[in-house]
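Okay, so here's the structure we're looking at.
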Protein chains: 2
Amino acid sequence: MILKHSKQRDAIKSFLMTRKDHPTADVVYTNVREEFPNISLGTVYRNLTLLSEIGEISRIRVGDGIDHFDADISLHYHFVCTHCGSVLDLNMESLSHINEIAGAGFDGKISGHVTYFYGTCPKCTSQELLS
Amino acid sequence: MILKHSKQRDAIKSFLMTRKDHPTADVVYTNVREEFPNISLGTVYRNLTLLSEIGEISRIRVGDGIDHFDADISLHYHFVCTHCGSVLDLNMESLSHINEIAGAGFDGKISGHVTYFYGTCPKCTSQELLS
DNA sequence: CCTCTAAATAGTAACGATTACTGTTATTAT
DNA sequence: ATAATAACAGTAATCGTTACTATTTAGAGG
């Protein structure tokens with residue numbers, strides 16, 4: 001399948017690059033519609049999937065049942081606020097050593113891990129102090 | 001809300017305890033139906049949710065979009081085979097130290113993490129050698 | 001044991017995120 | 001310019017899950 005250029009795909013990628021949070025497909029749809037009022041939700045999904053398959057963006061699953069997307073494909077971990085649901089980046093060292101810990105007592109082959117952290121985000125923590 | 005006893009809930013819990021893999025709601029439904037042919041899928045979901053809320057079972061999310069359930073509520077990690085999709089238990093030490101690593105450069109409060117490992121399970125590894 | 005209240009049920013409808021289908025449009029190689 | 005086909009918009013369908021409703025059942029109090 002030869003990839004053809006598309007304005008819609010460019011717009012989706014560009015929008016994602018402007019965001020430091022990790023929008024869902026629906027948020028992408030809502031925002032890209034400002035530039036392309038007729039864009040279809042299917043086009044957004046298809047391109048998000050395509051872009052993540054070719055490694056230009058990454059798909060993040062944090063257990064809320066909704067896929068989030070991130071234009072930052074560098075290795076990093078995520079934090080999910082259990083109060084407001086926001087997804088933030090964590091600036092921390094790689095945890096690749098845990099693959100060896102997991103593999104020690106396991107007969108199969110471990111090729112990676114998925115980790116995210118949860119708790120109260122800075123914004124919600126400061127609001128707790130007020131109440 | 002006072003909990004009343006229910007045969008269906010018992011059967012769901014009992015079935016889960018017989019399984020070392022981590023069945024989905026649908027698998028629970030199919031199997032419990034052998035004993036209760038009229039049980040409804042809603043009853044299965046409601047009880048799985050209830051049991052996990054009162055801490056008698058745990059709900060496992062491994063990024064395939066389908067909830068898995070586990071009667072083993074002791075702290076342990078899971079492995080997901082990228083070939084066959086099966087979910088296995090890992091016998092390994094706690095990784096609670098990674099919460100401190102994550103919290104070091106973060107202003108919010110980290111209360112825990114979700115981690116699962118992926119790769120090729122023992123069964124699929126041995127089948128690869130044959131081909 | 002009988003009665004009453006509310007929890008739990010079966011069956012079905014609705015939901016939300018995502019994917020698939022279809023006929024049309026747009027990109028790009030020739 | 002033309003032809004081939006990727007990508008599109010619009011819509012229908014899928015799938016896991018949750019919500020609704022009328023009925024049944026558990027179990028506490030008399």
Side-chain angles (χ1 to χ4, degrees), chain A residues 1-16 21-54 56-70 80 85-87 116, chain B residues 1-16 21-54 56-70 80 85-87 116:
Chain A
M1 175 96 101
I2 294 135
L3 209 67
K4 281 188 184 166
H5 189 251
S6 119
K7 298 172 166 102
Q8 288 89 336
R9 181 155 57 236
D10 286 350
I12 289 166
K13 175 93 185 280
S14 299
F15 168 71
L16 260 191
D21 63 345
H22 305 75
T24 61
D26 204 63
V27 172
V28 174
Y29 175 57
T30 303
N31 282 272
V32 173
R33 228 174 358 168
E34 289 172 15
E35 188 181 352
F36 290 89
N38 300 350
I39 197 171
S40 113
L41 187 53
T43 297
V44 173
Y45 272 104
R46 183 165 21 79
N47 279 297
L48 288 172
T49 299
L50 175 58
L51 287 167
S52 69
E53 278 172 354
I54 64 179
E56 294 200 16
I57 67 174
S58 72
R59 183 190 296 261
I60 302 167
R61 293 184 159 143
V62 287
D64 61 356
I66 311 171
D67 288 2
H68 298 249
F69 296 88
D70 189 352
V80 185
S86 69
V87 179
Y116 58 87
Chain B
M1 173 95 100
I2 293 137
L3 209 67
K4 282 189 182 166
H5 190 249
S6 119
K7 297 172 166 102
Q8 288 89 337
R9 182 155 57 238
D10 287 350
I12 289 167
K13 175 92 184 280
S14 299
F15 168 70
L16 259 192
D21 63 344
H22 307 75
T24 61
D26 203 63
V27 172
V28 174
Y29 174 57
T30 303
N31 282 272
V32 173
R33 229 180 352 173
E34 289 173 13
E35 188 181 353
F36 291 87
N38 300 350
I39 197 171
S40 111
L41 187 54
T43 298
V44 172
Y45 272 105
R46 184 165 21 77
N47 279 296
L48 287 172
T49 299
L50 175 57
L51 287 168
S52 69
E53 278 171 354
I54 64 178
E56 294 200 16
I57 67 174
S58 72
R59 185 190 295 261
I60 302 166
R61 291 182 162 144
V62 287
D64 61 356
I66 312 173
D67 288 2
H68 297 250
F69 296 89
D70 190 353
V80 185
S86 68
V87 179
Y116 58 87

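Throughout, a chain's letter reflects where its sequence line sits, starting with A, and its residues are numbered from 1.
- Using a 4.0 Å heavy-atom criterion, one finds that D67(B) contacts the sugar-phosphate atoms exclusively.
- A side-chain N or O of T43(A) and one of R46(A) form a donor-acceptor pair less than 3.5 Å apart.
- Sequence order on DNA chain D of the closest nucleotides to K7(B) and L50(A) puts L50(A) first from the 5' end.
- Using a 4.0 Å cut-off, no side-chain N or O of N38(A) falls inside it from OP1 or OP2 of dT25(C).
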Can you list the steps and then say if L48(A) with R59(A) is a side chain to side chain contact (heavy atoms under 4.5 Å, CB included)? CA-CA 8 Å; L48(A) 288 172; R59(A) 183 190 296 261; 5.7 Å; no

Check the pair D70(A), V87(A) against side chain to side chain contact (heavy atoms under 4.5 Å, CB included), reporting the backbone distance first and the verdict last. CA-CA 10 Å; D70(A) 189 352; V87(A) 179; over 6 Å; no

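- When atom types are taken as modelled, the side chain of R9(B) and the backbone of K4(B) share a donor-acceptor pair closer than 3.5 angstrom.
- Side-chain nitrogen and oxygen atoms of R46(A) include none within less than 4.0 Å of the OP1 or OP2 phosphate oxygen of dT19(C).
- Residue whose closest nucleotide on DNA chain C sits further toward the 5' end, between I39(B) and I2(B): I2(B).
- Checked by distance alone, K4(B) brings no side-chain donor or acceptor within 3.5 Å of a matching partner on the base of dT25(D).
- Nucleic acid contact for L41(B): base, since at least one base atom lies under 4.0 Å from a heavy atom of the residue.
- The nucleotide whose nearest atom lies closest to any side-chain atom of M1(B) is, among dT18(D), dA7(C), dA10(C), dA7(C).
- In this structure, Q8(A) does not reach the dA26(C) phosphate: none of its side-chain N or O atoms is under 4.0 Å from OP1 or OP2.
- Closest to the side chain of L3(A), out of dA7(D), dA10(C), dC8(D), is dA7(D).
- Phosphate contact (OP1/OP2 of dC8(D), side-chain N/O of S6(A), threshold under 4.0 Å): present.
- The side chain of H5(A) has dT27(C) as its nearest neighbour among dT19(C), dT27(C), dA7(D).
- Listed nucleotides dA9(D), dA10(C), dG16(D) differ in distance to I66(B); the shortest reach to its side chain belongs to dG16(D).
- In this model, a donor atom of one side chain and an acceptor atom of the other lie less than 3.5 Å apart for D10(B) and H5(B).
- The side chain of Y45(A) contributes an N or O atom lying less than 4.0 Å from OP1 or OP2 of dT18(C).
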